[in-house]
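Below: one structure, written as C-alpha cells.
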Amino acid sequence: MDIGTLTLLILASMATLLMLGVPLAFVSGSIAVVLAVTQFGLNSLFIVGSRTVDFIDSFALIAVPMFVIMASFMEKSGVARDLYRALHVWAGSLRGGIGVVTIFVAVILGATTGIIGGEIVLLGLIALPQMLRLGYDKKLAIGIVTAGGSLGTMIPPSIILIFYGLTAEVNISQLFLATLLPGLMLASFYVIYVLIRCGLNPAMGPALSVEEQAMPLREKLALFKGVALPVAVAGGVLVSIYAGLASITESAALGAFGAGLAAWVRGTLTLDMIREVFIQAMRTCGMVFWLVFGTNALIGVYNLMGGIDFASEMLSGVSENPTIILAVMVGVFILLGFFIDWIGILFLTMPIFLPVLSTLGYDPVWFGIVFNLSMQIAYLTPPFGPACFYLKGAAPEGVTLQDIFAAQWPFIGLQVLALLIVLLWPDLSLWLPRLVYGGG
Amino acid sequence: MVFLSQFAKWLGRTASWCFGAIILVMVYEVVARYGFGAPTAWAHEVSVMLAGFAFIFGGAYCMAEGTHMRISVLVENRPTLEHLSHWLSVAAGLTYLSGLAYASWRMADRAIWRFALDGTWTPERTGSSFNAPVPAFLKGMLFVGAVLFLVVLVNEALKRRSSPP
C-alpha cells in the first residue's frame, strides 16, 4: 500500500473509533501498534515505548500538574466566589455591568489557572444565576460564561502553550508573553459586544437594583481583603516566570504552594482538601498524558513510514503562496476543532505543520498564538464544544444544551475576528516578547 | 485479579502525593538557590522520577475509576451501538497496551539489566552530575504501569460480561 492510501486509512479508522466512543487514550495508540507491527514487524514497537519515555522524561512537563494543583486550591478555597462578590458591586448602574464584571473575573481567574473546565464550571455556578436573576437575556448570559471561561488558556499561564512549546521547541515564557495582548484584546471584544448589545436594548442586561448599588465605598473595598492574597500569588507566579527568577515548573510549584498557603490563611485548608486537590491532578494527568502517549506513538510510527514528509510535501504543494498554506493550516485547526480536543489536534497536526512553517519563514511563537486562538473557537463550536459540555454540567435548570450551543455564535464571530487580526498583524503578539527578550 | 483494580485505585491515590513531594522539593530548591546560594544537584531529577511515577500509574487509575475521556454523543443517541462501542474499546485497549507493554519490557530489560565487566550493576543513568538512574527507572515503571492498566481493562471487560447492562 502506498503512503497516501495508508494515510486515508489511518484517518478513517481514527474517525470511526472516535465516533464509536472508544476512549481517546486507546484510539491513536492502537492504530500505532497495528501499523508498526504490520508495516515493520515486532521490533518496531520499540518506537511506541521510546517516544512515551522521551515524553515523560521532561522537567517542563511537570508544570502541568503544578498549575492544575494551583488552580484547584484556588477553586476549592472559594476564591472565585469572593472575587466575583468583590467585583460585582462595582457594576453599579451600568447596563450589562454584571456581564462585563463576569468577563473581568474570567480574565483574573485565567491568570490563576491555565485550564478551562474548572473556570467555566465556577462561572456557571456563580455568575450565570446572578445574570439570570437580574433578567439578562439567556443567550447573552450563557455566551459570556462559556466564552469568558474559555479565556483561561489565552491568559498566561496556559496549559495549551506549555504543550505547544514542548512540541515546537519554543521558549514557553515567550509564548506566555505573546499571548497576553491577543488574549486581552479578545476579552475587550467581549466587553464591547456586551456593552453595545445592552446599550441598544436595555432589556438584554439590566443594571443592579438600587439597593444593591447603595453599598458604601468602605464596604466595597473591604470585600477585596479576602481575594488580595490569592491574586497576589497568581501575580507572583507570572512575575517569577517573566523575570526569569525561576523556571516555569518551579514557578508553577511555588504557585501551588502559595495557593495552598493562601487557602490556609483564609482558614479553608483541610487535609481532605489537599487529598482532593492531588487526586484531581492525578485524574487530569492520567487522562491527558495517556492520550498524548498514544498520539505520540502514532506520530512516531507515521514518521517512520515517511508519512510526515508525505503530508508536509502535500501541504506545501497546495500552493506557491505561503498565505494560502497558512490559511489551510488554520482551516484544519478549526475543522478538527469541531470534533476533537485541542491536545489531539496539537499532537496530530504539529509534526506535519511545523517543518512546513519553518521553510515558509513564519515565526513559531506567533504560530503558537494562532493555534491558541483557533482552539478558543474549538472550545465553543458544536458538536464537540468542550466549553458547552462543561457549562451544561453546572448550569441552572432550564438551560439546555441547545440553548448553550445557540448562544455561542456571536462569540465565535468575535473569536474569528481576533484570529484574523493576529494573522494579519503578527506584531500584536510578537511585540511584547521582542520588547522583553530583544531581537527581531 | 479483581483485587488488582482495587490496587490500581489505591496506588493512584497514593501516587498523587508525589505531586505534594514535588512541590516541597521545588520550594526547597528555590529557597536553597536564592536564600543560600546553593542550588541542589538532585531536585530536577528527583522531580522527574516522582512525576513519571504518578503520570504512568495515572493511566490504570483513570481506567479503574472510569474517567478516561471518550466521545459518547453518538452512542448515547443510539443505544444499539453500546455493545459494539464497548468491545471495540476493549479490543483497541488490548492492542495498544500489549504493544506498549512489550515495547517497554524490551526497553526496560536493556536499561536495567546492565553490568560492567567486573560484574557491578550499571543501570542506565542521566549522565548529569547527580547521575540518577532516571531512564532505567522510567522504563521499568512504564512496563509495570502498562501491565497494570491492561489488567484493569480486562477486569472491566469481564465484569461487563458477567453482568450485562
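The chains referred to below are lettered A, B, ... by the order of the sequence lines, with proteins before strands, and numbering in each begins at 1. Side-chain atoms are counted along with the backbone in the values below, which use heavy atoms only and exclude waters and symmetry mates. What you are looking at is a predicted structure, and each value in this text was computed from that prediction instead of being measured.
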Output the option from B:Ala15, B:Gly20, B:Cys18 having the highest count of non-hydrogen pairs under 4.5 Å with chain A. B:Gly20

Rounded distance [0.5 Å steps], OH in B:Tyr61 versus CZ in A:Arg283: 4.5 Å

Winner by heavy-atom pair count (cut-off under 4.5 Å) against chain A, out of B:Met141, B:His44, B:Met49, B:Arg106: B:His44

With a 4.5 angstrom heavy-atom cut-off, could you sort out which part of B:Leu24 is near chain A: side chain, backbone, both or neither? side chain

Which answer fits B:Trp17, side chain, backbone, both or neither, if we ask what part of it has an atom under 4.5 Å from a heavy atom of chain A? both

Which atoms of A:Met19 are under 4.5 Å from chain B, going by heavy atoms: the side chain, the backbone, both sets, or neither? both

For residues B:Leu97 and A:Trp290, determine if any side-chain heavy atom of one lies less than 4.5 Å from a side-chain heavy atom of the other. yes

Kindly assign one of parallel, tilted or perpendicular to the pair B:Tyr96 and A:Phe26, based on the angle between their ring planes and the thresholds 30° and 60°. tilted

For the interface with chain B, which of A:Ser30, A:Ser28, A:Ala25 has the highest count of heavy-atom pairs at distances below 4.5 Å? A:Ser30

Chain B: which of A:Leu20, A:Leu18, A:Leu17 shares the most heavy-atom pairs with it under 4.5 Å? A:Leu20

If you take all heavy atoms of B:Ser89 and A:Gly21, which pair is closest and at what distance? OG-O, 3.8 Å

Is atom CZ of B:Phe115 surrounded by more than 12 heavy atoms (other residues, nucleotides or ligands) closer than 6.0 Å? yes

For the CZ atom of A:Phe55 and the CG atom of B:Leu138, what is their distance to the nearest 0.5 Å? 12.5 Å

Residue, of A:Val34, A:Leu291, A:Val53, A:Ile31, that accumulates the most heavy atom pairs under 4.5 Å with chain B: A:Val53

Could you pull out the closest heavy-atom pair between A:Ile279 and B:Ser16, with the gap in Å? CG1-OG, 3.8 Å

Is B:Leu88 in contact with chain A via its backbone, its side chain, both, or neither, using a 4.5 Å heavy-atom distance? both

Measuring from atom OG of B:Ser98 to atom CG of A:Leu45, what distance do you get when rounded to the nearest 0.5 angstrom? 8.5 Å

Taking atom OG1 of A:Thr52 and atom CG of B:Leu142, what is their separation to the nearest 0.5 Å? 6.0 Å

Under 4.5 Å from a heavy atom of chain A, the part of B:Arg78 involved: neither

Does any backbone or side-chain atom of A:Ile69 lie under 4.5 Å from a heavy atom of chain B? Answer side chain, backbone, both or neither. side chain

Check this for me: B:Tyr28, atom OH, are more than 12 non-hydrogen atoms of other residues, nucleotides or ligands nearer than 6.0 Å? no

Under 4.5 Å from any heavy atom of chain B - which part of A:Phe257: both

Okay, A:Val33 and chain B: the region with an atom under 4.5 Å from a heavy atom over there is side chain

Checked B:Ala146, B:Gly52, B:Ser47, B:Ala108 vs chain A; the most non-hydrogen pairs under 4.5 Å come from B:Ser47

Using non-hydrogen atoms only, which part of B:Val48 is less than 4.5 Å away from chain A: side chain, backbone, both, or neither? both

Under 4.5 Å from a heavy atom of chain A, the part of B:Phe149 involved: side chain

Top of B:Leu94, B:Thr67, B:Leu153, B:Val25 for chain A proximity - count of heavy-atom pairs under 4.5 angstrom: B:Thr67

Rounded to the nearest 0.5 angstrom, the CZ-SG distance for A:Phe289 and B:Cys62 is 11.5 Å

Highest number of heavy-atom pairs under 4.5 Å with chain A among B:Gly93, B:Gly99, B:Ser104 belongs to B:Gly93

At a 4.5 Å cut-off on heavy atoms, which part of A:Ser50 comes close to chain B: side chain, backbone, both, or neither? both

Proximity breakdown for A:Ile47 and chain B, heavy-atom pairs closer than 4.5 Å: neither

Nearest atoms (heavy-atom pairs only) where B:Phe57 meets A:Met282: C-CE, 4.0 Å

Let's go through A:Met66 and B:Phe19 carefully: what are the C-alpha distance in whole Å and the side-chain angles of both, what is the deciding distance for side-chain contact (heavy atoms from CB on, under 4.5 Å) to 0.1 Å, and is it a yes or a no? CA-CA 8 Å; A:Met66 293 300 115; B:Phe19 296 131; 4.3 Å; yes

Give, as side chain, backbone, both or neither, the part of B:Ala54 having an atom under 4.5 angstrom from any heavy atom of chain A. both

From B:Ile22 CD1 over to A:Glu250 CD, what is the distance, rounded to the nearest 0.5 angstrom? 12.5 Å

Among B:Pro135, B:Gly59, B:Ala43, which residue has the highest count of heavy-atom pairs closer than 4.5 Å to chain A? B:Gly59

How close do B:Leu100 and A:Gly49 get, heavy atom to heavy atom, and via which atoms? CD1-CA, 4.1 Å

For residues A:Cys285 and B:Phe55, report the shortest heavy-atom separation together with the two atoms involved. SG-CE2, 3.7 Å

Scored by heavy-atom pairs under 4.5 Å with chain B, the best of A:Ala256, A:Ala253, A:Pro65 is A:Pro65

B:Val27 versus chain A, heavy atoms under 4.5 Å apart: side chain, backbone, both or neither? both

Can you say whether A:Leu245 sits under 4.5 Å from chain B via the side chain, the backbone, both, or neither, judging by heavy atoms? both

Name the member of A:Asn43, A:Ile62, A:Val48, A:Asp341 that forms the most heavy-atom pairs with chain B at distances under 4.5 Å. A:Ile62

B:Glu45 versus chain A, heavy atoms under 4.5 Å apart: side chain, backbone, both or neither? neither

